[in-house]
Amino acid sequence: MAKNKPVVMIGLMGSGKTTSGRLIAAALGLPFTDSDQYLQDRYGATSAPIAAREGKETLHRYEAEHVLDMLAGEPKVIAAAASTLESPEVRAAMGRAFVVWVDATDDVLARRMRTSDHRPDYDPATMRARRERFFHEVADLVCDVGVLSPEQVRDEVLRKMGLPDGDHT
């Protein structure tokens, strides 16, 4: 299953999609991609500058494009921007992936985001209210990153996918 099915990491900003996703990709021997790097490579900037330059609607369109492009190719581990879940097309495309929702309390997410300057400002509670129903709709697994380390998230994903977690250090 691991080599035949993409894994999509979803969650609000600060949830650790990239950190956990990289560990999962390494364990599965799959390539890893995240929206920040995709945006930088394709559009020359990360999300905050794109939002300021072209508007949030354009940013969200670019982020959705990332997920759709990556799901169309060979299986990989994809860290998807939270905005992508608002797109019915993206949610439908995620049906062919194993979707992992990494989540934490709003306080934990807000603390984590204080150290990040490459993303737009946001309020976790507002984003949760707007997108949580979509996370529930597509998630195959929910991991509370307020209590689980990235390594524990990786091991939980491997178990849920029916794969041995082994020693990945």
Side-chain angles (χ1 to χ4, degrees), residues 6-26 30-94 97-139 142-146 148-150 153-154 157:
V7 175
V8 179
M9 305 299 294
I10 61 170
L12 296 174
M13 284 190 281
S15 61
K17 297 180 295 282
T18 297
T19 303
S20 296
R22 287 184 194 283
L23 292 171
I24 294 163
L30 294 175
F32 174 79
T33 179
D34 76 3
S35 61
D36 291 333
Q37 190 61 53
Y38 179 89
L39 294 172
Q40 185 67 48
D41 293 346
R42 186 138 184 180
Y43 298 104
T46 56
S47 58
I50 290 172
R53 179 179 72 210
E54 300 179 50
K56 285 187 179 182
E57 187 174 303
T58 298
L59 168 64
H60 294 167
R61 188 174 70 248
Y62 293 166
E63 290 170 334
E65 172 189 287
H66 165 245
V67 175
L68 294 170
D69 285 355
M70 296 302 110
L71 284 172
E74 291 296 313
K76 55 189 65 71
V77 178
I78 304 160
S83 69
T84 63
L85 276 288
E86 293 183 31
S87 164
E89 183 181 6
V90 169
R91 291 194 311 274
M94 284 184 185
F98 183 80
V99 181
V100 181
W101 177 14
V102 285
D103 194 23
T105 66
D106 294 341
D107 289 341
V108 168
L109 296 176
R111 257 194 324 274
R112 289 178 174 194
M113 288 309 297
R114 283 189 203 121
T115 63
S116 176
D117 62 359
H118 70 283
R119 297 181 178 128
D121 290 333
Y122 91 114
D123 170 38
T126 301
M127 290 298 102
R128 181 178 305 282
R130 186 168 155 182
R131 297 175 174 147
E132 187 170 40
R133 70 183 184 273
F134 301 132
F135 292 143
H136 283 290
E137 179 184 324
V138 300
V142 181
C143 293
D144 181 349
V145 296
L148 295 177
S149 70
V153 170
R154 174 205 54 214
V157 168

Determine whether Leu39 and Leu59 satisfy the following criterion, side-chain contact (heavy atoms from CB on, under 4.5 Å), listing intermediate values before the conclusion.
CA-CA 9 Å; Leu39 294 172; Leu59 168 64; 3.8 Å; yes

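- Results of the side-chain contact (heavy atoms from CB on, under 4.5 Å) test with Met9 over Val77, Asp34, Ile78, Thr18 single out Val77 as the only residue that passes.
- Using a 4.5 Å heavy-atom threshold, the side chains of Thr33 and His66 count as touching.
- Partners of Thr19 under the side chain to side chain contact (heavy atoms under 4.5 Å, CB included) rule, at least two apart in sequence or in another chain, are Pro150.
- When side chains are defined from C-beta on, Ile10 counts as touching Val99, because their heavy atoms get closer than 4.5 Å.
- A pairwise comparison of heavy atoms in Ala97 and Leu71 identifies CB-CD2, 4.0 Å as the closest pair.
- For Thr84 (side chain) and Ala80 (main-chain N/O), no donor-acceptor pair under 3.5 Å exists by modelled atom type.
- With a 4.5 Å cut-off on side-chain heavy atoms, Leu12 and Phe135 count as touching.
- Taking both residues in full, the closest heavy atoms of Ala64 and Val90 are given as CB-CG2, 3.8 Å, listed atom of the first, atom of the second, then distance.
- The two residues Val102 and Gly16 make their nearest non-hydrogen contact at CG2-C, 4.4 Å.
- Considering only residues two or more places apart in sequence or on other chains, Arg131 meets the salt bridge (Lys or Arg N to Asp or Glu O under 4.0 Å) condition with Glu86.
- Arg53 is linked by a side chain to side chain contact (heavy atoms under 4.5 Å, CB included) to Tyr43, Ala45, Ile50, counting only residues two or more places apart in sequence or in another chain.
- A donor-acceptor pair under 3.5 Å is absent between the side-chain atoms of Lys17 and the main chain of Ala79, judged by distance alone.
- Annotation: side chain of His136 is in contact with side chain of Glu132 (closest heavy-atom distance under 4.5 Å).
- A donor-acceptor distance shorter than 3.5 angstrom exists from the side chain of Arg91 to the backbone of Leu85, with no hydrogens or angles considered.
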